[in-house]
*Asks:* 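The structure is given below, and queries will be raised subsequently.
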Amino acid sequence: MKYTKDEVLEFIEQDDVRFIRLAFCDFNGKQKNIAILPCELRRAFEEGISFDASAIAGFTDEVHSDLFLFPIPSTLTVLPWRSLQGKVVRMFCEIRHPNGKIFEKDSRSILARAEKLAKEMNLDIQIGSEVEFYLFKTNEKNEPTKVPFDNAGYLDVAPEDKGENVRREICQYLSQMGINPEASHHEEGPGQNEIDFHYSSPLKAADNVMNFSTVVKAVADKSGLYADFSPKPLEKKSGNGFHINISVTNSELDEKSNFEMQTQFMAGVLAHIKEFTSFLNPTEESYKRLGQNKAPKYITWSRENRSQLIRVPAVNNEEHRRMEIRSADPTANPYLSFAFLIYAGIDGINKKMKRGEPMNVNLFTADASITDGLDRLPESLKEAQEISAGSDFVKWVLAQ
């Protein structure tokens, strides 16, 4: 349900809400929040709640440190794992300067502008995410270890799969928050799990990812475990991926023209992805994952092939045609990730880009005679950041 401001105020008053968490995402993708009492909510809607932005990495300095959070009513959700005596709710927020102008590093607003541009072009963009994470045991001090919760493998079942009940509880909480997971299962690594989401609008999809990480960490902690979303938790095992599935259609186009538009969108992503890889893979550890265990290394595409940067999955219904971007990892800021992908795709449409021929080979085992001629993703965070810093496309997206 999408609440209005008045409906939120009524809900808070009538449903025994004791605390309201005003959430936002820093530029690096880490969720932050301020808790307020219900009596402060009307002021939050009208005037905003101030915070020290100089204490948030990458935001501002001490000279211009005041920013304000304005809750977005449509994002209201109850946190079902909190106290049973009095509800705790959360809303995501816009970040604004004291003069009311949107803060330029508010990543949710950057995605909102990308979504608005897509709608103005009559593009219906739907995004579904697949997020992987490891469950590790904790020691007697409740500190995380690197001992996996189980030694199960891909799609194994209990008792080998000890994460089954944890995933079930995560999915139940998500459902109570209005987020419907599509599927959940054990992944390839020991203690590694994956939960997939149904398609939704870009903003809703990014909010879902942020809510998801909170739920997973809360349920893991409650179970005496530690949820690890880092790109490569175990050196010789599968890394954690953040696979981004994108469907794009235009209701004004026929099927043939839609297909051509979709190939142009993909071509734009392929053309620009190296420039914003530092946002999809924002840590040093991110580059230990790429190029192995089904994580891509080269800027290529193919149908069904999981060794590629972009995979076009097989479908039984053409309405479900989509592209899967496989390079991102869960340390990425989902708002920025989706925004860059949308703007790149739109640039591909505007310039009628061609996506090239598919690479129908296994690039993890392919001979050097094949791979030496391929464009590749950056091999280190430093390389990725240097490419982003010199990119006119990145500068243009962040200036929108």
Side-chain angles (χ1 to χ4, degrees), residues 2-6 8-9 20-36 40-77 90-121 123 125 127 200-211 276 278-279 282 332-347 388 391-400:
K2 287 190 174 182
Y3 293 91
T4 65
K5 182 177 74 173
D6 289 339
V8 169
L9 291 168
I20 302 157
R21 296 191 177 277
L22 306 182
F24 65 99
C25 186
D26 71 14
F27 209 67
N28 297 322
K30 186 175 179 59
Q31 189 173 160
K32 305 286 186 179
N33 80 157
I34 293 175
I36 63 172
E40 298 295 325
L41 182 56
R42 189 175 294 277
R43 179 171 70 89
F45 280 133
E46 296 173 357
E47 302 175 15
I49 300 296
S50 66
F51 68 99
D52 178 6
S54 68
I56 306 297
F59 266 26
T60 66
D61 58 23
E62 288 80 359
V63 178
H64 301 95
S65 61
D66 289 338
L67 291 175
F68 290 80
L69 298 177
F70 285 81
I72 302 168
S74 62
T75 65
L76 176 73
T77 185
R90 178 171 63 206
M91 283 178 282
F92 291 108
C93 299
E94 281 187 344
I95 307 174
R96 301 181 189 172
H97 288 284
N99 63 4
K101 181 183 177 182
I102 293 291
F103 177 52
E104 54 274 8
K105 293 183 181 179
D106 178 4
S107 55
R108 194 178 191 278
S109 292
I110 292 173
L111 177 56
R113 292 193 289 274
E115 185 175 298
K116 181 174 181 289
L117 176 60
K119 289 179 179 177
E120 290 172 351
M121 296 176 63
L123 298 178
I125 295 178
I127 295 179
S200 54
S201 69
L203 277 172
K204 177 67 173 174
D207 288 344
N208 285 349
V209 173
M210 298 306 297
N211 280 321
F276 58 88
S278 65
F279 295 90
N333 179 326
Y335 300 103
L336 290 177
S337 299
F338 297 169
F340 276 113
L341 289 166
I342 291 169
Y343 278 120
I346 287 175
D347 194 47
S388 294
S391 167
D392 290 336
F393 172 76
V394 168
K395 294 172 185 175
W396 176 77
V397 169
L398 297 180
Q400 294 302 299

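By convention here, the first residue in the shown sequence is residue 1.
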*Asks:* Who passes side chain to side chain contact (heavy atoms under 4.5 Å, CB included) against Arg43, sequence neighbours left out?
*Replies:*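 Arg43: side chain to side chain contact (heavy atoms under 4.5 Å, CB included) contacts with Glu40, Glu47, Ile49.
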
*Asks:* Could you state the interatomic distance from CD1 (Ile72) to OG (Ser74), rounded to the nearest 0.5 Å?
*Replies:*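 Ile72 CD1 to Ser74 OG: 6.5 Å, rounded to 0.5 Å.
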
*Asks:* Could you tell me the separation between the OG1 atom of Thr75 and the NZ atom of Lys204, rounded to the nearest 0.5 Å?
*Replies:*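 So the OG1 of Thr75 and the NZ of Lys204 are separated by 9.0 Å.
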
*Asks:* Between Ser50 and Phe68, does a side-chain contact (heavy atoms from CB on, under 4.5 Å) hold up when you go through it step by step?
*Replies:* CA-CA 4 Å; Ser50 66; Phe68 290 80; 3.6 Å; yes

*Asks:* From Ile34 CD1 over to Leu22 CG, what is the distance, rounded to the nearest 0.5 angstrom?
*Replies:* 6.5 Å

*Asks:* Give the intermediate values and the outcome of side-chain contact (heavy atoms from CB on, under 4.5 Å) for residues Arg113 and Ile102.
*Replies:* CA-CA 11 Å; Arg113 292 193 289 274; Ile102 293 291; 4.2 Å; yes

*Asks:* When you compare the side chain of Tyr335 with that of Val209, does any pair of heavy atoms fall below 4.5 Å?
*Replies:* no

*Asks:* Shortest non-hydrogen contact from Ser388 to Val394?
*Replies:* O-CB, 3.9 Å

*Asks:* Which heavy atom in Ser337 sits nearest to a heavy atom in Ala332, and how many Å separate them?
*Replies:* OG-CB, 3.5 Å

*Asks:* Please report the interatomic distance CG(Asp66) to CZ(Phe51), rounded to the nearest 0.5 Å.
*Replies:*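 So the CG of Asp66 and the CZ of Phe51 are separated by 9.5 Å.
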
*Asks:* Evaluate the criterion side-chain contact (heavy atoms from CB on, under 4.5 Å) for residue pair Asn211 and Arg90; output intermediate values, then yes/no.
*Replies:* CA-CA 10 Å; Asn211 280 321; Arg90 178 171 63 206; 2.3 Å; yes

*Asks:* Can you name the nearest heavy-atom pair linking Ala23 to Asn33, along with the distance?
*Replies:*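 Closest approach of Ala23 to Asn33, heavy atoms only: CA-CB, 3.9 Å.
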
*Asks:* What's the separation between atom CE in Met91 and atom CG in Leu69, rounded to the nearest 0.5 Å?
*Replies:* 11.0 Å

*Asks:* Enumerate the salt bridge (Lys or Arg N to Asp or Glu O under 4.0 Å) contacts for residues 91-101, please, sequence neighbours excluded, ordered by first and then second residue.
*Replies:* Glu94-Arg96

*Asks:* Kindly write out the residues that satisfy side chain to side chain contact (heavy atoms under 4.5 Å, CB included) with Lys32, not counting sequence neighbours, or none if the list is empty.
*Replies:* Phe24, Asp26, Lys30, Ile56

*Asks:* With ring centroids as reference points, do Phe59 and Phe103 lie under 6.0 angstrom apart?
*Replies:*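 Ring centres of Phe103 and Phe59 closer than 6.0 Å.
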
*Asks:* Classify the side-chain pair Gln31/Arg21 by whether it contains a donor and acceptor separated by less than 3.5 Å.
*Replies:* no

*Asks:* Mind checking what makes ring pair (Phe, Tyr, Trp, His ring centres under 6.0 Å) contact with Phe276, not counting sequence neighbours?
*Replies:*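 In terms of ring pair (Phe, Tyr, Trp, His ring centres under 6.0 Å), with neighbours along the sequence ignored, Phe276 is linked to Phe340.
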
*Asks:* Could you grab the distance from atom CD1 of Ile342 to atom CG of Leu123, nearest 0.5 Å is fine?
*Replies:*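 Ile342 CD1 to Leu123 CG: 9.5 Å, rounded to 0.5 Å.
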
*Asks:* Applying salt bridge (charged side-chain N to carboxylate O under 4.0 Å, His left out), can you list everything that pairs with Arg108, at least two apart in sequence or on another chain?
*Replies:* Asp207

*Asks:* Please report the closest heavy-atom contact between Gly48 and Phe70, naming both atoms and the distance.
*Replies:*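 Distance-wise, the nearest heavy atoms are N-CE2, 3.3 Å.
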
*Asks:* Would Phe45 and Leu9 count as a side-chain contact (heavy atoms from CB on, under 4.5 Å) if you check the C-alpha gap in whole Å, the side-chain angles of each, and the deciding distance to 0.1 Å?
*Replies:* CA-CA 10 Å; Phe45 280 133; Leu9 291 168; 4.1 Å; yes

*Asks:* Test of understanding: with side chain to side chain contact (heavy atoms under 4.5 Å, CB included), list the residues that count as partners of Lys116, not counting sequence neighbours.
*Replies:*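 Here the qualifying residues are Glu120.
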
*Asks:* So, do Pro282 and Asn333 sit near enough that their side-chain heavy atoms are less than 4.5 Å apart?
*Replies:*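 Sidechains of Asn333 and Pro282: no contact.
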
*Asks:* I need the minimum non-hydrogen distance between Cys93 and Pro71, along with the two atoms involved.
*Replies:*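 Shortest heavy-atom separation between Cys93 and Pro71 comes out as SG-CA, 3.7 Å.
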
*Asks:* Please report the shortest heavy-atom distance between Ile110 and Ala339, naming the atom on each side.
*Replies:*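 Ile110 and Ala339 have their closest heavy atoms at CG2-CB, 3.9 Å.
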
*Asks:* Between the side chain of Glu115 and the main-chain N/O of Ser201, is any donor-acceptor distance below 3.5 Å?
*Replies:*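 Judged by distance alone, no pair lies under 3.5 Å.
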
